[in-house]
Amino acid sequence: MLKLDGLCKRFGRITAVDNLSLTIHRGEVFGLLGPNGAGKSTTVNMAVGLLAPDAGTVDVNGCGSPTQTDVRAHIGVAPQALSIYDELTGEENVTFFGRMQGLRGSKLAERVRWCLDFVSLADRRRDRASMYSGGMKRRLNLAVAVVHDPPLLLLDEPTVGVDPQSRNAVFDNIEALRADGRTIVYTTHYMEEAQRLCDRVGIIDQGRLMALDTVDNLITQHGGKSVVIADVAGEEVRVETQDPLAELAKFQNRGQLNRFKVEQPDLENVFLELTGRSLRD
Amino acid sequence: MNQIIALALKDLKLLLRDKAGFFFTFFFPLVYAVFFGSIFASQSKPIEGIRVAVVDEDQTPNSVAFIEELAAAPELDVLTTTRAAAGDLVRTGKRSAFIVLTQSFGEARDRMFWGDPATLELGVDPSRAAEAGMLEGVLMRYAMEGFQDAFANPDVMRDKAKTVLKDVADSDSINPIARAAMNRFFGELDRFMGEVPKFDDQNSAGQSENGDGSGGWQPVVIQSVAVAREYTGPKSAYEISFPQSMTWGVLGCTAAFGISLVIERTHGTLVRLRTAPIQRWKILGGKALACFVTTLATLTMLIVVGILLFGIRPSSYALLAMAFASVAAGFVGIMMFISVLGRTEQSASGIGWGVLTMMAMLGGGMVPLLFMPGWMKVASHASPVKWAIVAMEGAVWRNYTTTQMLLPCGILLAFGVVFFVFSTRVFRWTDH
């Protein structure tokens, strides 16, 4: 669905993206994970045709570069910045951007209705966006991205600055879109989001792709061992192991296990292993 | 085309919902027009008489008659008073000047061609120096009218000649040669004036030209002839102030839409527009169309108010439409120029208004070009504001022909094209 091949982008002396190649398959949710400034947004901007790469190519759905106008019709984008008009109502925002996508008449009306229902803003559709909470604006930002029913969605940090309840609502929306068979590219620096939503994750740092695989494989390959912390005969025991269940079975067989806790490796550990620093640095 | 119209409608909707922006775009220029129109209107009223204090130290029939003539003069507003009071009135600025008819004024006025002349003292407020020359001219005119009357009336002239002959005979100070010359001249003048009615009787069967039978000759007679004059100036002061204020409305639209393009970029909506299947020129075209329509709406609203409430009567509505379209098109280009001046909306707003204010200052949008020094009038050709005012004045009160309108309208269109092409080439589509 989306193929990036040897992408490079420099801003002055800074290399934002350095020879980045990856292929995203139809129907998958692909996470682009990295700290702020890693090059995620630059990669997304090149993927949607906003930035021209200094080197490399982008192909969308086998149709060619998104710099071509008709190719961009295959893409829906929810930029990191809330790209909506505060003085227009929710309905007017979705309708306007639907028109920009070439929708007209009953098709447009139907898509606007669906989008507002999808993000649970139908009852607030006549309120100006300036009256919305941060979470509602994020959902409207998502609604505008899907108004033309695109097969490929690029969501750039779609949960930045929202409360946990709204974040869960956004997660529900994304899972519904995945269930509907859309391809989603999801950039974030929250590892929990990537672990929950993404089929595969690419870890990017300083413009380079450090690793690319499923979450489980990345953790297995780069996350290190699990840690079992147990109260054994009144004494706390800490054991690093590849097989926590086997360790717990040993303690149980001795009849000395009172309490236990298992700390499993996550993408934070993967990132630390790959880059030597934390995702939130 | 549908996308361009949708973009323009969106911008118009945003403008209408921005109350402050709406006020400054539509109503501020109206306030400006009414304010300056009122000022110009008060300046264009008929000139009032020069306020003078008159002192009669002679107190003779001649001096009293002269003061009555001055009081009746439309050029003067006369207050008769004492010398001390007159000085105070001028010093305190309540009167522009004082005039003193000195002693012997009346006696001197009866003399002709000899002796000391009738003397008027004139004291003028130093801050009214410009009025001093006019006042001297007015006094000389009324003083000469008595002399002219004597030549026009043979009986009066004969009385004066006889008085002079008697004075000359009574005087011991006149030398014999002058005495002989004056006796000869005034004797002949007396006889000549006695013959004038007879010439007139022979020429016009007893009726003089003025029909009073007194004959008389005048060096020149000025007759007023009714002429249906073609008036080409403004019919009211508002016809001057409205074109000026309308340019401020145009500048308001220009700034608002120029900055809105920067806001689109900084708020991210431009990114979303660019990821839509729409060409860049359509995005800018939509903004340009919205600016063009809003500018036309502002100009139309202002001229309608001017017509309905302030008596403005454009000389040609067709040429006015041509001027409006040219102004709107020209300033669409400048709107694009504003959008490339700053990276943020704050900087674009500050720099944009700075540039527009300079254009207004240079182009006569603030101070009329009439009051500018010569080099600045030449420099004003570089300001689109000047050509906007010229185009609108041409259609409102200068009675321009279509050919004459081509120059300002063509220059405005050229400004628009040059600025638009340049600005679209350097426009920053992203914040990177």
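Just so you know, these numbers use all the heavy atoms, side chains as well, and skip hydrogens, waters and symmetry mates.
- Atom CG of B:Leu270 and atom CG of A:Leu50 lie 9.0 Å apart (nearest 0.5 Å).
- Test B:Glu264, B:Lys13, B:Arg17 against A:Tyr85 for side chain to side chain donor-acceptor pair (under 3.5 Å) and you get one pass: B:Glu264.
- Contacts between A:Leu82 and chain B at a heavy-atom distance below 4.5 Å involve the backbone alone (N, CA, C, O).
- Between the CG atom of B:Leu7 and the CE atom of A:Met100 there is a distance of 4.0 Å, given to the nearest 0.5 Å.
- Residues B:Lys10 and A:Leu88 form a side-chain contact, since some pair of their non-hydrogen atoms from C-beta on lies under 4.5 Å apart.
- A:Ala16 does not touch chain B: none of its heavy atoms, backbone or side chain, sits under 4.5 Å away.
- A donor-acceptor pair is defined here as one N or O able to donate and one able to accept, closer than 3.5 Å; no such pair exists between the side chain of B:Arg274 and the backbone of A:Val48.
- Considering only heavy atoms from C-beta on, B:His267 stays 4.5 Å or farther from A:Ser83 through its side chain.
- Counting heavy-atom pairs closer than 4.5 Å to chain B, the top residue among A:Ile75, A:Asp86, A:Thr69, A:Ile84 is A:Thr69.
- Using a 4.5 Å cut-off between heavy atoms, A:Val144 touches chain B through backbone and side chain atoms alike.
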Should B:Lys19 and A:Glu87 be marked as a salt bridge (charged side-chain N to carboxylate O under 4.0 Å, His left out) after you check the CA-CA gap, both sets of side-chain angles, and the distance that decides it?
-> CA-CA 11 Å; B:Lys19 292 183 177 63; A:Glu87 293 309 313; over 6 Å; no
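- Only the side chain of A:Glu92 comes within contact range of chain B, with at least one heavy atom under 4.5 Å from a heavy atom of that chain.
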Could you walk me through whether B:Arg272 and A:Asn141 pass side chain to side chain contact (heavy atoms under 4.5 Å, CB included), step by step?
-> CA-CA 10 Å; B:Arg272 201 187 280 284; A:Asn141 204 36; 2.2 Å; yes
For B:Leu273 and A:Phe96, what are the C-alpha separation, side-chain angles and deciding distance, and is it a side chain to side chain contact (heavy atoms under 4.5 Å, CB included)?
-> CA-CA 10 Å; B:Leu273 288 174; A:Phe96 169 71; 3.8 Å; yes
